[in-house]
Amino acid sequence: MIDGVVRITENEWEVPCGYIPGMRVPGRFFLSESLGRILEPGALAQLANVATLPGIVKHALAMPDIHWGYGFPIGGVAAFSLDDGIISPGGVGFDINCGVRLLTTPVSLQDINNRKKDLIDQLFHVVPTGVGAKSSQKIPSHALDEMMIKGARWAVENGYGNERDLVRCEEAGGMMGASIKTVSAKARQRGIPQGGTLGSGNHFLELQVVREIFDPVAAKAFGIRDGQVCCMIHCGSRGLGHQVCTDHLKLLETATKKYQIKLPDRQLACAPISSPEGRDYFSAMASSANYAWANRQLITHAVREVLAKMFGIEYDEMPLVYDVAHNVAKIEEHRVDDKRMQVCVHRKGATRAFGPRSPDLPSDLSTIGQPVIIPGSMGTSSYVLCGTATAMDKTFGSTCHGAGRVMSRSQAKKRLSGKEVAANLAKEGIIVRAPHENAIADEAPDVYKPSDEVVRVVHDAGISRLVARLVPVGVIKG
DNA sequence: ATGTGC
């Protein structure tokens, strides 16, 4: 595929240790030959760079939606020893705990067909959308601390959801280790008015219908059935997480020098996990991750209220399938060289995909595995998959997170008009609403890798298993 | 991703 890269299996490739100087472990990535033709050499170089970081164990990994990012590639997974390993904001990303959740409903496409526009309009009205969007729900500023410590639990305790929602979130919707002292006043100021807002870019709220079931047993366990209308919510920690990343990058650039860590790229700024600087970043990141879970829970509540009123259904008839984080670092136990060890797993544009009998799974899914929610791009299919034992073995229980860009935002804006993109989607019966027309062009289906190909690779490689396919019927873009 | 660029 690329000089110096070794094929391991059909869809699995190795970047050997000699690829660039200083690699401590090999790189491994999952890719089909057709996706290989659009692989950016820069992203592969970034994967090799990650392999040079202190304390990295096993492999620097990349999923088939790999593309170039800040320091680490997006679609990257890397685990570091707690003894001599580092933690790096570049391995998490600017939008801390950007993630996605899927709600099911008891209604079918026929039930909504003649009210689709009204439904999308109402959802657009209750979920503030776009750059700098402010909350419509009245969230007092003193609630921010609790959001950062408790995550989605704060929302549930305040009437924005139910206990079952928490069981259906990774980490029960709230990570341990958050500390509000490590979050700057500026980050807090940005977070206070943004609870329950969608944001912009690739963030969206989408009504979908289940079109295909691949694994009936898992689908039933996840509460998914053919023809059912679902709602997928994709958003993150908004300005708060962004500010935390910016603040701590600066602190960790200093720490990199202080601890004499040699880096092939300064965007890999990091500190030992055990250092005060590393621990502070972890706490601030966990606080932001929890804010993002609270945020998705607030949006969920707003969506349920609209659907309940419009279709006369009960709140409890719209259960959460699952909520996954795409951008986060977590302390987990994994098997490395036949020993079980605690590692700090960085997932950046990658999804946790824990296999059967893993910790943190809801008890009724223990024999099945973790639900994995993979959004498509506007107008293309989204997928529900299931975590596997192979993922535990090969990727620290991780899989892809979505389609992955093939065209930059600026390039897309030059080539495509938002109006045209919306009109093309309308022909397929997909309604798009956005605060501005130009928010549509750079998220057009053609600017993303084909999601079905990305998902096929992770399924064939065995690092997750196909459960269901959903198609869009209406979408709100930031 | 982001009160969207030093």
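Owing to the predicted nature of the structure, the values given are computational and were not obtained by experimental measurement.
One can place CG of A:Asp442 at 12 Å from P of B:dT2, the figure rounded to the nearest angstrom. Nucleotide B:dG5 holds its P atom 14 Å from the OH atom of A:Tyr70, rounded to whole Å. Atom pair A:His242:NE2 and B:dT4:C1' shows a separation of 8 Å (rounding to whole Å applied). Distance NZ (A:Lys250) to P (B:dC6): 12 Å, rounded to an integer number of Å. One can place CZ of A:Phe94 at 13 Å from C1' of B:dG5, the figure rounded to the nearest angstrom. One atom, NZ of A:Lys413, and another, P of B:dT4, lie 13 Å apart when rounded to the nearest Å. Going from atom CD of A:Glu443 over to atom P of B:dT4 covers 18 Å, rounded to whole Å. Across the protein-nucleic acid pair, A:Arg409 atom CZ and B:dT2 atom C1' stand 10 Å apart, rounded to whole Å.
Close to B:dT2, at under 4.0 Å from its OP1 or OP2, lies a side-chain N or O of A:Ser200.
If you check every strand for non-hydrogen atoms under 4.0 Å, A:Gln194 touches sugar and phosphate atoms only. Using a 4.0 Å heavy-atom criterion, one finds that A:Lys186 contacts the bases of the nucleic acid, with or without backbone contacts as well. If you check every strand for non-hydrogen atoms under 4.0 Å, A:Gly239 touches sugar and phosphate atoms only. Residue contacts shown for A:Gly201 are limited to sugar-phosphate atoms, with no base heavy atom under 4.0 Å away.
Between A:His234 and A:Phe204, the ring-plane angle classifies as perpendicular under the 30° and 60° cut-offs.
Contacts of A:His59 classified as ring pair (Phe, Tyr, Trp, His ring centres under 6.0 Å), with partners at least two apart in sequence or in another chain: none.
Residue pairs meeting the side chain to side chain donor-acceptor pair (under 3.5 Å) criterion with at least one partner in residues 466-478 of chain A, sequence neighbours excluded, are A:Glu212-A:Arg469, A:Ser381-A:Arg469.
At a cut-off of 3.5 Å, with distance as the only test, a side-chain donor of A:Arg101 or A:Gln297 sits close to an acceptor on the other residue.
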